[in-house]
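This structure is a prediction, so every number in the text was calculated from the model and none was measured. Counting from 1, the numbers follow the sequence of the chain as shown.
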Amino acid sequence: MSSTSANATTDLNPAPPDPATLTPEFLRAWFWHKQGLDGSLAGASPEQVLATAGWARSVGGANPYLTLFARAGITREQTDQAVLNLDIHELPTARGCTYVLGKSDFRWALRLGADAALASMKVLERLGVERGEITLLEEQVLHTLNEEQQPLDPKQLRELLGESVRSLGEEGRKKGASTTLPTALGLLQADGRIRRVPINGRLDQQRYAYTAWQLTPNENSTAENSTEETKTELTDDGVRNLLMQRYLGWTGGATAKQSQWFTGFTVAQTKKALAAAGAEGVTTAAGEQLWMLPDDVVRLGAFTSAKTEQIQLLAGTDSLFLLRRNAADYLDPADKDKKVLDGTLALQADLPDHPILDRGRIIGLWQYDPGQEQIAYWLFVKETAAIKDRIKEVEAWIRDELGDFRSFSLDSAKSRQKRIDALNAAS
């Protein structure tokens, strides 16, 4: 990997950081370091990377693979093996969204996604489906999975369950609930009684089957053999406090509004969770208030940014951007007005293409062209040997290990051809 943490100083210094020093450029480098993109996670396991940098957003795209490769050089085969071993897994959690996370977070992270599963049940109730019917269907799904002793996809489950799965007709389709099965599966998954596994073992697609599981987070929270700590963690406040603590550690600091975007917490819940984490407010040179863990406030005061290039190609949904949804903050002022197909870069909530970065600054955009088996890219800076080498490294990794780099499950070479052509033209 073309990065190093040799220049990143994090010796503890009791002096609080001077707001005048917390410029956008300095903070970009700090966030880059906290995300482990400076080489500090080299040799880490997939679970360790996700614990340090944050959960990897999964929408049937290749972001989880690149998240691990960029930070620790982890191969696709190693990632798939970690999934098979249940060291990491894709689960519905914060805001009901799916992320790939480490096994130490499975139980309490699932608790965060419970409300989304219950919301699906409320839709069914408005369609005249009683809770008891879904409870019975859940039991039948579990019985079927245990009887078959192999993962089953939704179509196989529908065939085996027969009339137990009710069609909800045109009205149900309009509300996104054509049958009762998805709600039963969602509730079972939120309870840790089943889990969803990729049919071909890969994370960069959205064809899944379901298998029985025995994580049962909600049951464990009240079981006689549970510790008081476990019971506390699995309360509503407990899981919110845990997520805030993790979130601040992953990001290295965020505004209250940025934390709310990721967590989905209300203002009151955010204030309570920040207080529980012992978060401290730090004012930046721009006058923003970042909330940080106390240890990070100290480390920030002693941090110095690297002097040599640290080039990375990341996915547009990488944790560096997604945790705060602030991609524009990683652009140099001179680059914010650059025009792309959909308008000006700085005016878009999300990047139109995947970013190329150097120590936290976005210096270009890229897409993979599977037809040509190469990366199409547009740089905002002069191309250096380090940039060229890293592009070639990632290009070879995608070609040899992934075959393509999709942003999401329905992404294809055809759908992104216009963007590939635009990048080639801009370069």
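Of all heavy-atom pairs between Asp404 and Ala413, the closest is OD2-N, 4.4 Å. For the pair Ala376 and Asn424, the tightest heavy-atom approach, listed with the atom from each and the gap, is CB-OD1, 3.4 Å.
If you run side-chain contact (heavy atoms from CB on, under 4.5 Å) between Glu395 and each of Ile375, Asp369, Leu313, only Ile375 comes through.
No side-chain N or O of His33 forms a donor-acceptor pair with one of Ser305 less than 3.5 Å apart. Of the N and O atoms on the side chains of Arg390 and Gln312, at least one donor lies less than 3.5 Å from an acceptor on the other residue. Residues Asp38 and Gln310 bring no donor and acceptor atom of their side chains to less than 3.5 Å of each other. Residues Glu90 and Tyr208 bring a donor and an acceptor atom of their side chains to less than 3.5 Å of each other. Side chain to side chain, Trp55 and Asp105 meet the donor-acceptor criterion of an N or O pair below 3.5 Å.
When the salt bridge (Lys or Arg N to Asp or Glu O under 4.0 Å) test is applied to Asp358, no partner is found at least two apart in sequence or on another chain.
The pair Arg416-Asp411 meets the salt-bridge criterion, with a side-chain N (NZ, NE, NH1 or NH2) lying under 4.0 Å from an Asp/Glu carboxylate O. With respect to Arg173 and Glu170, a salt bridge is recorded, a charged nitrogen being found less than 4.0 Å from a carboxylate O. Using a cut-off of 4.0 Å between Lys/Arg side-chain N and Asp/Glu carboxylate O, Glu401 and Arg202 are scored as not salt-bridged. Taking 4.0 Å as the cut-off between side-chain N and carboxylate O, Lys418 and Asp421 do not count as a salt-bridged pair. In this structure, Asp204 does not pair ionically with Arg406, as no charged nitrogen and carboxylate oxygen lie closer than 4.0 Å.
Put simply, the side chain of Ser259 gets close to the backbone of Ala256: a donor and an acceptor are under 3.5 Å apart. One N or O on the side chain of Trp30 and one on the backbone of Gly252 form a donor-acceptor pair closer than 3.5 Å. Put simply, the side chain of Tyr65 gets close to the backbone of Leu203: a donor and an acceptor are under 3.5 Å apart. Gln245 places no side-chain N or O within donor-acceptor distance of the main-chain N or O of Leu242, the cut-off being under 3.5 Å. Between the side chain of Glu373 and the backbone N or O of Arg399, no donor-acceptor pair lies under 3.5 Å. In this structure a side-chain-to-backbone donor-acceptor pair under 3.5 Å is missing from Trp291 to Gly253. No donor-acceptor distance shorter than 3.5 angstrom exists from the side chain of Thr284 to the backbone of Leu22, with no hydrogens or angles considered. Looking at Asn63, its side chain does come within 3.5 Å of a backbone N or O of Arg57 through a donor-acceptor pair. Listed for the Tyr330 side chain is a donor-acceptor partner under 3.5 Å among the backbone atoms of Leu320. Between the Gln35 side chain and the Trp250 main chain, a donor and an acceptor come within less than 3.5 Å of each other.
Proximity of Ile311 to Ile363: side-chain heavy atoms (C-beta onward) are separated by under 4.5 Å at one or more points.
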Give the C-alpha distance, both sets of side-chain angles, the deciding distance and a yes or no for salt bridge (charged side-chain N to carboxylate O under 4.0 Å, His left out) between Asp237 and Arg240. CA-CA 5 Å; Asp237 282 343; Arg240 283 195 287 265; 2.9 Å; yes

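With rounding to the nearest 0.5 angstrom, the CG atom of Leu300 is 12.5 Å from the CG atom of Asp295.
For CZ of Arg207, the number of neighbouring non-hydrogen atoms (other residues, nucleotides, ligands) closer than 6.0 Å is 12 at most. Under a cut-off of 6.0 angstrom, the local environment of CD in Gln149 is sparse, with at most 12 non-hydrogen atoms contributed by other residues, nucleotides or ligands. Within 6.0 Å of CD on Glu130 lie no more than 12 heavy atoms contributed by other residues, nucleotides or ligands. Heavy atoms from other residues, nucleotides or ligands lying under 6.0 Å from CD of Glu77 number 12 at most.
Aromatic rings of Phe265 and Tyr247 (six-membered ring for Trp) have centroids beyond the 6.0 Å cut-off, not under it. For an aromatic pair to be called close, the ring centres must be under 6.0 Å apart, and Phe106 with Trp108 fails this.
Annotation: cation-pi pair Arg95/Trp261 present, NZ/CZ under 6.0 Å from the ring centroid and within 45° of its normal. The cationic atom of Arg324 (NZ for Lys, CZ for Arg) lies less than 6.0 Å from the six-membered ring centre of Phe31 and within 45° of the ring axis.
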